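For reference, the structure discussed in these notes is given below.
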Amino acid sequence: MKKLSARRRHPLAAVVVLLLALAATGGLYAAFAPAGKAQADDSAQSLTIKEGKKLYEVGCASCHGTGGQGSSDGPSLVGVGAAAVDFQVGTGRMPAATSQGAQVPRKKVVYNQAQIDQLATYIASLGAGPNVPTKEQYGPAGADIAKGGELFRTNCAQCHNFTGKGGALTKGKFAPSLEGVAPKHIYEAMQTGPQNMPSFPDTTLSSKNKKDIIAYLNAVNGDKTENPGGLELGGLGPVTEGLFAWIFGLGALITVAVWVAARTAKAKKS
């Protein structure tokens, strides 16, 4: 007992006790805190999936099947990913109208963003697919507009026109205008390839390439108060430019020719 009492009075006894207490506290935190956080995250994720499933059963299951497996009225949604849902529902294309043409057009959005996120989370739980992009992925910071223009003209202009004004396709289909479309939705369209559009995964167009294309579209469809190219004629390319030349250019030449002929005839009479 005298030896034990002497050790307790040792100058380093307090330091040893403090170190043991810190080690015990750290061990308890490592053992319990991460598990509690993980359980909270899992609970929130499960709740989001549950709410998304409720929305799906009401607004989507009649066409896409009760488990997203698809039907004769709608394709399977297994593996399409959250990005496809965010694009289709966020642009109002889904839910589709009961009667539609060759393709589903953009229309008024039915769900708010919180509901769209719930639907996207539920569909993502059915199978892995492209995720919703972050602002860093589609934002203008670090983008190369010139490179984006080159990529757009190579991969997209054949359908969407070189300034993204859109254009006609076969059998009543069309490439929609990209003017006024949110950068996030443009990124998601390149990721997922909605309707008639091919998909451009990162193996084809990298995330940086997509950012550059979006920056180019923002530049050509941005402020129109000063256009260095002059009158753009709708930005639709050689069709409108050629039509303008035929109507106004040729019309002006005919007018001048008639005027010269009339002056010559009048001079001969006098």
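As the structure is a prediction and not an experimental result, all values here were calculated from the model. This chain uses plain numbering: 1 for the first residue, then up along the sequence.
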Give the minimum heavy-atom separation between [X] and [Y], together with the two atoms involved.
X: Q137; Y: P133; answer: OE1-CA, 3.1 Å
X: P194; Y: A189; answer: CD-O, 3.3 Å
X: P130; Y: G79; answer: CD-O, 4.5 Å
X: G127; Y: V78; answer: CA-CG1, 4.5 Å
X: I214; Y: P183; answer: CD1-O, 3.5 Å

Atom pair [atom1] ([X]) and [atom2] ([Y]), whose distance is rounded to the nearest 0.5 Å:
X: K53; Y: T66; atom1: NZ; atom2: OG1; answer: 8.5 Å
X: Y111; Y: D117; atom1: OH; atom2: CG; answer: 13.5 Å
X: D212; Y: I145; atom1: CG; atom2: CD1; answer: 9.0 Å
X: Q118; Y: I123; atom1: CD; atom2: CD1; answer: 12.5 Å
X: L77; Y: C63; atom1: CG; atom2: SG; answer: 10.0 Å
X: L217; Y: E179; atom1: CG; atom2: CD; answer: 10.0 Å

Among F200, Y216, F162, which residue meets the ring pair (Phe, Tyr, Trp, His ring centres under 6.0 Å) test with F152?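 The option that passes is Y216.
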
Looking only at atom types and distance, does a side-chain atom of [X] sit under 3.5 Å from a main-chain N or O of [Y], one as donor and one as acceptor?
X: D86; Y: A83; result: no
X: S76; Y: G68; result: yes
X: N155; Y: L151; result: yes
X: Q69; Y: G67; result: yes
X: K107; Y: G92; result: yes
X: Q88; Y: V85; result: no
X: E51; Y: T48; result: no
X: K211; Y: E136; result: yes
X: H160; Y: P176; result: yes

Between [Y] and [X], do the side chains contain a donor N or O and an acceptor N or O under 3.5 Å apart?
X: S207; Y: Y187; value: yes
X: D73; Y: S71; value: no
X: D202; Y: Q191; value: no

Is any side-chain heavy atom of [Y] closer than 4.5 Å to one of [X]?
X: M190; Y: S199; result: no
X: L169; Y: C159; result: yes
X: Y56; Y: H64; result: yes

Shared ILVMFWY cluster between [X] and [Y], side chains joined below 4.5 angstrom?
X: I49; Y: V80; answer: yes
X: L205; Y: V132; answer: no
X: Y122; Y: V109; answer: yes

If the condition is side chain to side chain contact (heavy atoms under 4.5 Å, CB included), which residues does S62 pass it with, not counting sequence neighbours? none

Check the pair I213 / K210 against side chain to side chain contact (heavy atoms under 4.5 Å, CB included), numbers first and verdict last. CA-CA 5 Å; I213 290 174; K210 295 183 180 73; 5.7 Å; no

The single option from I116, V110, L55 that satisfies side chain to side chain contact (heavy atoms under 4.5 Å, CB included) with V89 is I116

Going through the checks in order, is the side chain to side chain contact (heavy atoms under 4.5 Å, CB included) test met by R93 and Q195? CA-CA 10 Å; R93 289 177 168 85; Q195 300 193 80; 3.8 Å; yes

Under 4.0 Å between a side-chain nitrogen and a carboxylate oxygen: does that hold for D144 and K208? no

Mutual orientation of the aromatic rings belonging to H185 and F87 [parallel < 30°, tilted 30-60°, perpendicular > 60°]: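 If you compare the ring of H185 with that of F87, the planes turn out perpendicular.
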
